[in-house]
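A quick write-up on the structure given underneath.
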Amino acid sequence: MNKLNPRQNEAVRYADGPLLVLAGAGSGKTSVITRKIAYLIEQKGIPGRHIAAVTFTNKAAREMKERVGRIVDRGKSRGLIVSTFHNLGLNMIREEHAHLGYYPGFSIFDAEDAKALLQDLMLREDTADEGDELSDIQMTISSWKNAMRRPEEAYSKAEDEREQRIALIYKRYNEYLKAYNAVDFDDLILLPVLLFRECPDVLAKWRRKIRYMLVDEYQDTNVCQYELVKMLVAERAAFTVVGDDDQSIYAWRGARPENLAQLKQDFPSLKIIKLEQNYRSTSRILRCANTVIANNPHVFEKALWSEHTVGNEIRVIRCRNEDAEAERIATEILDNKLKNGLEFRDFAVLYRGNHQSRLLEMKMQAYQIPYRMSGGQSFFSKNEIKDAMSYLRLLVNPDDDAAFLRVVNVPRREIGPRTLEQLNHYARSREVSLFRALADMGAESHIAERGLERLRRFAHWVDRTCERLHTDNPVHVIKQLFTDIEYEEWLHQHSATPKQAERRMENIWYLVESIQRMLDDGKGTADETGIEDAITRLVLRDMMEQREEEDDSDKVQMLTLHASKGLEFPHVFIMGMEEEILPHRASIEEGNIEEERRLMYVGITRARETLSMTYAASRKQYGEKIETIPSRFLDEFPEEDLRWEGTGDLDQEANQKKGKATLSALLGDLGV
DNA sequence: AAGTATTTCTTTTTT
DNA sequence: AGAAATACTT
């Protein structure tokens, strides 16, 4: 166990008042949080079950749990809450669902479900969607929820007709969700806050439960999340929040880095501790990071420093086009690995948008470089998993129309759009869910006999499976379900290759195993997990991550800049250093360069030893060749810390100054 | 209703 | 260029 430096130590031991820790990149903030939890339990005598540590990602929560587990013994940390904001909210809703008018087994709608619901809703109500995008409306509603603005308020405070119209849709959207016994992601935070406002006794109960609170990545909290923290913490103000305004890269989903400054006003006795020593990067990398980020305005000034050596210059590599760029990175990794005896896992390639990974992935395969991609498609967005989850959701919550529609004809039950249209119409007129409408006597007169018969056969099968789920062994019933519907055959029909079908089926079995595990884990514990809870909870849990953890094999990491936050690698590549990509086009248009610069900052500070940045002189966009402009951020680096390659005469000038560069660049090019 | 051809749109970032 | 939505056949 490393010794803490004096600042870190102070942050750990300061527990008598509100504390804000400004933790620069690589300053050991996770250590501080974990050690502080241990300190609170062991030195301050606060039982683990009265402490809550909140993070933003499952990964961070899992890592923290693991690290706490290593330094605090099991008995003392029992009941300790280490979870994401969303998971904490889910627990609250689960426990208080009756107050909120929800039934056990409620569903969580992901972004896709929510979008489908909106689409359907707008089609049904004659809300002619003139011009503005569905996803625009979805975003607006989401931002209102994040700002704790309810439909009525959104309507009265609407600034134009468009907002007024969306506010009306928002109201209907919430009603539909309620009718489906479903909540969306934003509700997971919003509903507890609304409940706490309404029912002081429920709030009091949670305040007794959580006596000390720690929040990681505090700059990423939105209005609603901050409100939740504030309510739980109240005047007792027993909390520590850790954050770094320079790493705020989630403003687009409602994060308010101003929450850092706000804290000072809401809690005048707030103590502020800065962690400025970086234990990760070479001092040159740090100097670059500091110089670049200095172009942003700051509320809290901080200067990262490092005891490490200066290290290599930062390389900037110009490539002819995007193909050459991907090729160069792949060969560069192979070459570097061989020359310096490194592992694949020592390398990471970072990019702005997920689509940039496609070409690189092809090159990696061509050179047989093992790689791991994250930030791409998550486990739960895979089609087979969405199907499976929809079946499970339907079993637990038959009113979940989104789930019903997804699986009613998968695999083929010869129930087509026409039949569903009739059912939908009828259900709407009766104001019941699709599933319940089927049991209705009046259905005969509104739905063609053939279709109705097929629908009812399906409904009957769901009913029976549902019964068995509660009488038999649930996992066994679920396994049976997939055999019943001959899902494997269906997969084979609808997959490109038999191999892909097998892979997809494996994903299904993995999902089933996870349910088994969740049920086993909860056995005998205070919070015994029922099958309903397990299924609800699954939506929030990213199992892809767990899976990756299992094989910690030697692979090059490929991730988005966003996904790279909190991670570190010896050798980092950042690709696509171009205007319209790294300062992303949309951000340039909105004039939000500062957030892009923070993204750049996050990228730079991931690197321990070397950092290489690439850009393509021309690139195909939407199938058209475009001449590119190197990113403005390249100009913000200290000139003497950069070594340019592939830039013609400019290249030679730079290389003559530094000597050896050209030769090794040539060797690199000839390397494969 | 299912399968095939054509057209249109896409590229931020994620709990 | 590629995916996804839509139109057109069987």
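All of these numbers come straight from a predicted model, not from anything done at the bench. Just so it is clear: chains get the letters A, B, ... in the order the sequence lines come, proteins before strands, and each one is counted from 1. Note that these values count all heavy atoms, side chains included, but never hydrogens, waters or copies made by symmetry.
One P atom belongs to B:dT13, the other to C:dA4, and the distance between them is 14 Å to the nearest Å.
The salt bridge (charged side-chain N to carboxylate O under 4.0 Å, His left out) contacts involving residues 583-594 of chain A comprise A:R585-A:E589, where partners must be two or more places apart or lie in separate chains.
Listed nucleotides: B:dT14, B:dG3, B:dT15. Nearest to the side chain of A:R412: B:dG3.
Each of A:D184, A:L90, A:D187, A:L538 was evaluated against A:I108; a single residue qualifies, A:L90, per the side chain to side chain contact (heavy atoms under 4.5 Å, CB included) test.
Using a 4.5 Å cut-off on side-chain heavy atoms (C-beta onward), A:F239 and A:V215 make no contact. Within the 4.5 Å cutoff, the side chain of A:E595 has heavy atoms near those of the A:W252 side chain.
With salt bridges taken as basic N to acidic carboxylate O contacts below 4.0 Å, none links A:D244 and A:K29.
With rounding to whole Å, A:K59 atom NZ is found 14 Å from B:dT15 atom C1'. Regarding A:M139, its CE atom lies at a distance of 15 Å from the C1' atom of B:dT15, rounded to whole Å. Taking atom CG of A:N409 as the reference point, atom C1' of B:dG3 lies 14 Å away to the nearest angstrom. Atom C1' of nucleotide C:dA1 and atom NZ of A:K620 are separated by 7 Å, given to the nearest angstrom. The interatomic distance linking A:E453 (CD) with B:dA1 (P) rounds to 14 Å, in whole Å. Computed from coordinates, the A:L582 CG to B:dT13 C1' distance equals 12 Å when rounded to whole Å. Atom pair A:L350:CG and B:dT13:P shows a separation of 14 Å (rounding to whole Å applied).
With the nearest nucleotide of DNA chain B identified for both A:E596 and A:I415, A:I415 has the one nearer the 5' end.
Base contact: A:E590 has a heavy atom under 4.0 Å from a base atom. Using a 4.0 Å heavy-atom distance criterion, A:R418 is classed as a sugar-phosphate-only contact. A:D110 comes within 4.0 angstrom of nothing in the nucleic acid, heavy atoms only.
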Output a table of nitrogen or oxygen pairs between the protein and nucleotides 9-11 of chain B separated by less than 3.5 Å.
from	atom 1	to	atom 2	distance (Å)
B:dT11	O2	A:H355	NE2	3.1

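Crowding of A:M231 atom CE: a count of heavy atoms from other residues, nucleotides or ligands under 6.0 Å exceeding 12.
Stacking of A:Y250 onto the six-membered ring of B:dT14 is not present when judged by under 5.5 angstrom between centres and under 30° between planes.
With sequence neighbours excluded, the residues that form a side-chain contact (heavy atoms from CB on, under 4.5 Å) with A:E384 are A:K382, A:Y487, A:L491, A:R504, A:N507, A:I508.
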